[in-house]
Amino acid sequence: MKEVPQISDAEWKVMKIVWDKPPYTAKQVIEELSSSSDWQPKTVKTLLSRLVKKGVLGYDTQDRSYLYYPLFKEEECIREESYSFLERVYNGSLNLMLTNFIKEGELTEDEIDELKKILDQKKSE
């Protein structure tokens with residue numbers, strides 16, 4: 001299995017769109033991003049180009065357009081980003097991270113129950 005490349009916060013915004021319903025043209029990505037960012041079209045095209053160079057996006061040509069599609073599933077990138085975050089911020093300590101999020105977060109009773117279920121399942125594995 002190929003190693004998932006690191007992607008920047010800006011590249012994540014582009015990938016969220018492309019993962020939705022690929023393939024996308026650059027023009028479609030620009031239109032989708034227009035409501036949530038003030039990026040110029042050239043910026044979006046630069047991000048698409050970087051993602052292709054990193055091997056996260058592939059493309060086909062149709063007429064005079066590039067049709068971009070993901071080379072990794074969203075779940076794969078989320079998993080890799082989670083491990084990277086855990087390593088960078090918590091020195092790889094899952095316990096420290098979870099403790100911090102649980103103590104600092106405002107959890108509903110339903111969320112607490114769900115966490116208990118997950119932990120109980122993990123314990124019985």
Side-chain angles (χ1 to χ4, degrees):
M1 181 155 127
K2 292 191 302 184
E3 187 174 321
V4 180
Q6 289 260 307
I7 56 180
S8 70
D9 291 346
E11 292 166 343
W12 268 98
K13 290 181 182 182
V14 171
M15 288 304 298
K16 290 280 188 187
I17 290 166
V18 178
W19 277 315
D20 188 38
K21 292 180 189 157
Y24 272 89
T25 64
K27 182 179 178 184
Q28 290 170 317
V29 174
I30 291 164
E31 286 172 7
E32 289 285 329
L33 283 169
S34 67
S35 64
S36 63
S37 76
D38 58 353
W39 292 342
Q40 297 297 314
K42 186 174 180 177
T43 301
V44 176
K45 289 178 182 176
T46 298
L47 291 168
L48 288 166
S49 177
R50 274 197 226 154
L51 288 163
V52 168
K53 284 179 187 170
K54 288 182 177 185
V56 180
L57 284 181
Y59 66 89
D60 292 321
T61 54
Q62 186 177 57
D63 298 325
R64 299 176 81 193
S65 296
Y66 290 94
L67 295 172
Y68 296 95
Y69 57 88
L71 296 175
F72 290 93
K73 293 179 182 175
E74 184 174 10
E75 297 78 23
E76 292 174 298
C77 290
I78 288 171
R79 184 173 44 253
E80 182 61 33
E81 186 65 23
S82 297
Y83 289 130
S84 174
F85 172 78
L86 182 65
E87 197 58 43
R88 281 191 326 269
V89 179
Y90 294 98
N91 293 324
S93 174
L94 183 59
N95 182 43
L96 182 59
M97 183 192 76
L98 288 173
T99 301
N100 183 58
F101 278 101
I102 291 169
K103 283 182 177 178
E104 299 300 322
E106 293 184 22
L107 298 171
T108 66
E109 284 191 40
D110 288 342
E111 290 170 329
I112 292 169
D113 289 342
E114 182 64 26
L115 284 171
K116 284 179 181 178
K117 281 183 202 173
I118 292 168
L119 291 171
D120 287 342
Q121 287 173 345
K122 191 68 175 171
K123 193 175 188 179
S124 65
E125 287 181 356

Euclidean distance, [Y] [atom2] relative to [X] [atom1], rounded to 0.5 Å:
| X | Y | atom1 | atom2 | result |
| --- | --- | --- | --- | --- |
| Gln121 | Lys117 | CD | NZ | 8.5 Å |
| Phe72 | Trp19 | CZ | CH2 | 10.0 Å |
| Glu114 | Leu107 | CD | CG | 11.5 Å |
| Leu33 | Lys13 | CG | NZ | 8.0 Å |
| Leu51 | Ser8 | CG | OG | 7.0 Å |
| Lys21 | Gln28 | NZ | CD | 11.5 Å |

Using the rule that two of Ile, Leu, Val, Met, Phe, Trp, Tyr join whenever any of their side-chain heavy atoms come within less than 4.5 Å, decide whether [X] and [Y] are in one cluster.
| X | Y | value |
| --- | --- | --- |
| Val56 | Val52 | yes |
| Tyr69 | Ile17 | no |
| Val89 | Phe101 | yes |
| Val14 | Ile78 | yes |
| Leu57 | Leu67 | no |

Under the rule for ring-ring contact (aromatic ring centres under 6.0 Å, His included), what residues qualify as partners of Tyr83, not counting sequence neighbours?
none

I'd like to know whether Leu119 forms a side chain to side chain contact (heavy atoms under 4.5 Å, CB included) with Lys123, so could you lay out the CA-CA distance, the side-chain angles of the two residues, the decisive distance to 0.1 Å, and finally the verdict.
CA-CA 6 Å; Leu119 291 171; Lys123 193 175 188 179; over 6 Å; no

Evaluate Lys45 against Ile30 for side chain to side chain contact (heavy atoms under 4.5 Å, CB included), listing each step before the verdict.
CA-CA 8 Å; Lys45 289 178 182 176; Ile30 291 164; 4.1 Å; yes

Using the rule given for side chain to side chain contact (heavy atoms under 4.5 Å, CB included), can you reason through Met15 versus Cys77, listing the C-alpha separation, both sets of side-chain angles and the distance that settles it, and then say yes or no?
CA-CA 10 Å; Met15 288 304 298; Cys77 290; 5.6 Å; no

Crowding at CG, Asp120 (>12 non-hydrogen neighbours, <6.0 Å)
yes

Closest heavy-atom contact between Pro70 and Val18?
CD-CG1, 3.6 Å

Return the set of residues passing side-chain hydrogen bond (donor to acceptor under 3.5 Å, both in side chains) with Glu74 (not counting sequence neighbours), or none when no residue passes.
Lys16

Which pairs count as side-chain hydrogen bond (donor to acceptor under 3.5 Å, both in side chains) when at least one residue sits in residues 47-68, sequence neighbours excluded?
Glu11-Lys54

Please examine the side chains of Met97 and Phe85, heavy atoms only from C-beta on, and report whether any two atoms are closer than 4.5 Å.
yes

Side chain proximity check, Lys122 to Glu125, heavy atoms < 4.5 angstrom:
yes

Would you check if the side chain of Ser84 reaches a backbone N or O of Glu81 as a donor-acceptor pair within less than 3.5 Å?
no

